[in-house]
Amino acid sequence: MDCHDCHQSCQPKRKKIAWKLFGFGSRKSVNNDFSHHAQTTIALVGSPNVGKSALFNLLTGTYVTVSNYPGTTVELVRGNAVIAGEKVTFLDTPGMYSLIPITEEERVARDLIMNEKVDLFIHVIDAKHLGRMLNLTWQLIETQLPVLLVVNMIDEALKLGIWVDENQLAYKLGIPVVTMEATQKVGLKKLIAKVADYVRSTPLSTTY
Amino acid sequence: MSARLLYPPPIENAIARIEPLLDTKNRISRRSLALLLLQKDPILRAQLQQEPYFPQIERIVVETQSCFVESLSLAIAQSRHQFTTAIEQDITIQPSKERTSKYEWLHQLTVNPVTGIPILLLVLYFGIYQFVGVFGGGTLVDGIEGFFESQINPVVNTIVAAIFPWQVIQDLLANDYGIITLGIRYAVAIVLPIVTTFFLMFSLLEDSGYLPRLSLLLDRLFKTIGLSGRSIIPLILGLGCGTMATLVTRTLESKRERIIATLLLALTIPCSAQLGVILGLLSQEPTALIVWASVMMAIFLGIGFFAGKIVPGNTSCFYMEIPPLRLPSLKAILTKTYVRLKWYFGEILPLFILASILIWAGKLIGVFDVIVRGLEPVMLWLGLPTEAAPTFLYGFFRRDYGAAGMFDLHSSGILTGQQLVVAAVTLTLFIPCIAQLQFMFKERGIKTTIAIASFVILFAFSLGYILNQVLTIMEVSF
């Protein structure tokens, strides 16, 4: 009964055993299998309900359930896209508030950051709560893994009178920043261009 | 030059001392790892427990802590907060005075108990009872089911009889328990309309942002049963499909909450097919519906209360992002409903067909009859006709399959009012379907699953018995 507390890399294997034991039924949209690596793996991370899944759907052309409440995505979801002529695998992750997880679903994203080979992390944040959410951005920067910041929901923020200076933010943090309104596809081209920069400049993994 | 975050000197000092101890092979920077250790991250500590340098790290953490009144985690969080707030002020233009959303009044209406409870009741009455129960489970099911019975089944029976001269094969595909006449009919005529209407309603509620506000509203009530308001979402989702909901219990904070929510999902929350059929059947007898609803409510609160007392651990505090209220887009709702339905049917159709085959094979070799005969005394004990036994057996394959079986029983006039109530209550409480068990096993582990499953079976039949006795003694007539 303690077994589910461990969401380490042993998870896919254990899951297969569980499926075998029971035999039927498989959920096709959810796939935790890490064995077939594409050339580049990019993970979308961030607090719950900032639009990671909406962005994932845009980038991969697939559909994962998107809702207006935190905690819609509870497992890693994988989807492919071709960017700059290369096959890129995107991972959609359950929301996380900080590197130190509280709930089980947050642990999934943390384990991904700590243990898996991911070439680029796209941190998605909500422009309306920029200050609070930059906290995790900074924790990610401290890990020295490659991070790209997406400031999402700029339209909603603008309606509340909040305006974000994209270039200045990129300069302060020292990482690429794209402002977006994912549901309206605003900023998508800019994001794909920035991702393409990463894809072209292989190897991606270590330098920062 | 980009900004740089420096923590208070004792912490920076500690980082500098921990870094050289750590392995350089890690994927993330040693500075990051050192900070995690200073925040007493339990996962990393467990990983490094065996390392020879671990005691030294422990000493550094304790020494550093002695320089602060507050906890190290808090000190680190404060530095980060100051740093990010400064950046935020530099790079954004904020409104001069806090501008509230124009939907703020609506938000207040939904979370204030005085107006929130009536709103909830309206949502339940129109959204669930009228739309899912009466429209989906009544009008639509009757229409499609009638069409199947009068148009499709006879044709299928004739065609199958014409192609296959053997009775055995005919029974596999058609007649009373055939794959097409029973399995597909249950899935398409009874389950499909109900599940579609439910998921449409649920998608509308979740995209509007109503559910988190409901969590906020019911937080206090849920505290008494050992859950936080957060768990309202998996529980409501359970009204759609308990299997999906069991997976979503992951979003709950403590193991204790996850266990209580899983138990409540397995025991008291009917899935949409069950709910639709039950609402559809019982809506003709208002007293029966009230008895069923109050018994389920009482059990939900009672079991939740006791589980809250028995399952070890503390009530977690409620913290949840409250997203803005949004006008949902029709396209998003339809897409989402479609995807959920696809998932759902991918799960159930094979099981429905499998169940038909198993029943066919079981009948052929006589096992089915043995089990049904074994269940018959239980049925009599509950005051139910022996014809209800197969329905309970179906219910184990899929809840919705069992519910659909109950629909059949009622339309053939076998169940009387009181029997209908007892059957409805027992079937709602009775064992979660195979798929839900499978997910319970995956999410909660084998021990918890067995404990919950055996409790549920015992409880369902005992309560059915008691309810039957009480109704008989009180001479309630429906």
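Letters go in sequence order (proteins before strands), and every chain restarts at 1. The shown structure was predicted, so the numbers you read here are calculated from the model rather than taken from an experiment.
Inter-residue side-chain proximity for B/Ile76 and A/Gln139 is flagged as unmet; no heavy-atom pair is nearer than 4.5 Å. For the pair A/Trp163 and B/Thr92, the minimum side-chain heavy-atom distance is 4.5 Å or more.
For the pairing with B/Arg27, the side-chain contact (heavy atoms from CB on, under 4.5 Å) check across A/Ile113, A/Asn115, A/Leu145 returns one residue only, A/Leu145.
Across B/Ile333, B/Leu35, B/Leu205, B/Ile93, the residue that shares the most heavy-atom pairs under 4.5 angstrom with chain A is B/Ile93. By number of non-hydrogen pairs under 4.5 angstrom with chain B, the leading residue of A/Thr137, A/Leu134, A/Asn167, A/Thr183 is A/Leu134.
Applying the side chain to side chain contact (heavy atoms under 4.5 Å, CB included) test to B/Gln78 and every residue at least two apart in sequence or in another chain returns B/Glu70, B/Leu74. In this structure B/Gln39 satisfies the side chain to side chain donor-acceptor pair (under 3.5 Å) test with no other residue, sequence neighbours excluded.
The two residues B/His81 and A/Asn135 have their closest heavy-atom pair at N-ND2, 4.4 Å. For B/Asp41 against A/Pro101, the heavy-atom pair with the smallest separation is OD1-CD, 4.4 Å. Listed here is the closest heavy atom pair of B/Ile28 and A/Met114: CD1-SD, 3.4 Å.
Judged purely by atom type and a 3.5 angstrom limit, B/Arg31 has no side-chain atom pairing as donor or acceptor with the backbone of A/Thr143.
Annotation: the span from B/Asn26 atom CG to A/Gln144 atom CD amounts to 12.0 Å, rounded to 0.5 Å. Here the CG-CG distance, from B/Asp90 to A/Leu169, works out to 10.0 Å after rounding to the nearest 0.5 Å. Put simply, OG on B/Ser32 and CD1 on A/Ile141 are 11.0 Å apart, with the number rounded to the nearest 0.5 Å. Here the straight-line distance linking atom CD1 of B/Ile43 with atom CD1 of A/Ile100 works out to 8.5 Å at 0.5 Å rounding. Rounded to the nearest 0.5 Å, atoms CD1 (B/Ile91) and CG (A/Leu130) are 4.5 Å apart. In this structure, CD1 in B/Ile87 is found 10.0 Å from CD in A/Gln168, a value given to the nearest 0.5 Å.
Between A/Glu142 and B/Arg80 there is a salt bridge, with a side-chain nitrogen of the basic residue lying less than 4.0 Å from a carboxylate oxygen of the acidic one.
For A/Glu156, the part sitting under 4.5 Å from any heavy atom of chain B is the side chain, from C-beta outward, and nothing else.
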